[in-house]
Student: 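Please read through the structure below; I'll follow up with questions.
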Amino acid sequence: MTIRAVVQGVGHYLPERIVPNAEFETFLDTTDEWIRTRSGIERRHFAAEGETTSDMGATAATRALENAGLTPDDIDAVVVATSTPDLTFPSVATMIQEKIGMTGGFGFDVQAVCAGFIFALTNANALILSGQAKRVLVIGAETFSRIMDWEDRATCVLFGDGAGALVLAAEDGNGDAADRGILSSDLNSDGRYRDMLYVDGGVSTTGQAGKLRMQGNLLFRQAVEKLAATAHKALEKVGIKDNEVDWIVPHQANIRIIQGTAKKMGLPMDNVIVTVQDHGNTSAASIPLALAVGVERGQIKKGDLLVAEAIGGGLAWGAVVLRW
Ligand code: UT7
């Protein structure tokens, strides 16, 4: 017998306000056509004034609990992936605990920018496998609209806000790739690339939150190579070939990166969950949002084999293989 961290519920939240590409044409030297063709993005959601990362994460978490048929009392730990916390501290995880009425267990945040959900899932899996927790809420929640430079057309048209959540629970498995749950993961980071994507402020430097800066074309060149390699490494650990997966669930930054990675893995776009057109890049929220939407659309079904992969600031990148 092997313990596996199995998905028991999924939920998501997108803010009410939808911003189409055309809205950027009113105050920036850009076009709907440029944004669509270069990134695949058509619209994104922006949080309302006063709406925070923990508000969105709490709603996604509540929906994931409902989906799992569980209550906050059933949960031992909350792991939140975010780079846009409500406050420098306390953690968004503890704020979500309070908002959903969870008074037991523990919570903490994980910060690996756009790869955050992959790192959070890997941590949650480790908590379950080590016996520290039986049921874990894993949440990705972001308000990137709050760190945009609205004069920088190369970045502010790309990002959006939202949250997604999974409930993972310990179940017995046979220890092979036919098991449901998290089967493997691969994590990487390399600080030499930090200038490709960063925020130009912080507690111990400027004392301000700062704005996002990105050398998009340099990052683009790293992305396909690193994403295909990390997905391959994670799949290799469980003896599964790249083109044997049912679904690639990629970080939703750019349709051209998503297509390039699928091609490198030898899979058609029919096997890829794509939400970038509707959400933009929601950083750590993008994979749980894609999982939730993939289930809602009837694409992802119980027993399907998934590989989720992401890259972002750090650079930090990685992949998780799981059977739904
Ligand atoms: O989530 C973390 C991971 N993030 C990523 O993976 C993002 C990776 N990078 C990308 O997705 C792409 O590089 C972008 C979508 C950001 C940009 O696409 P690109 O094809 O790499 O374009 P570029 O940055 O090389 O810029 C091409 C041109 C430039 O003009 P010149 O120098 O050729 O005259 C830009 O100034 O497009 C111009 N440009 C724009 N034009 C209209 C940049 N932003 C815009 C804009 N509207 N919004």
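Counting convention: from 1, in listed order, for ligands and their atoms alike. Any value given below was found using the heavy atoms of this structure, including those in side chains, with hydrogens, waters and symmetry copies removed.
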Student: Please say whether the positively charged group of Lys302, taken as NZ for Lys or CZ for Arg, lies over the ring of Trp324, i.e. under 6.0 angstrom from the six-membered ring centre and within 45 degrees of the axis.
Tutor: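 Negative - Lys302 is either too far from the ring of Trp324 or too far off its axis.
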Student: What about the rings of Phe159 and Trp150, do their centers lie closer together than 6.0 Å?
Tutor: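 Between Phe159 and Trp150, the centre distance exceeds or equals 6.0 Å.
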Student: List, ordered by chain and residue number, the protein residues whose closest non-hydrogen atom lies under 4.0 Å from any atom of ligand 1.
Tutor: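 Contacts of ligand 1 under 4.0 Å: Asp29, Thr30, Trp34, Arg38, Cys114, Arg153, Ala154, Val157, Leu158, Leu197, Met214, Gly216, Asn217, Leu219, Phe220, His251, Ala253, Asn254, Arg256, Ile257, Asn281, Ile311, Gly312.
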Student: Within a reach of under 6.0 Å around NZ of Lys237, are more than 12 heavy atoms found that belong to other residues, nucleotides or ligands?
Tutor: yes
Student: Less than 4.0 angstrom from a charged side-chain N to a carboxylate O is my criterion; do Asp76 and Lys134 meet it?
Tutor: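 Answer for the salt bridge query: no.
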Student: Which pairs count as ring pair (Phe, Tyr, Trp, His ring centres under 6.0 Å) when at least one residue sits in residues 74-127, sequence neighbours excluded?
Tutor: none
Student: I'd like to know if Lys211 and Asp149 make a salt bridge, using a cut-off of under 4.0 Å between side-chain N and carboxylate O.
Tutor: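 Here Lys211 does not pair with Asp149 in a salt bridge, since their nearest N and O are not under 4.0 Å apart.
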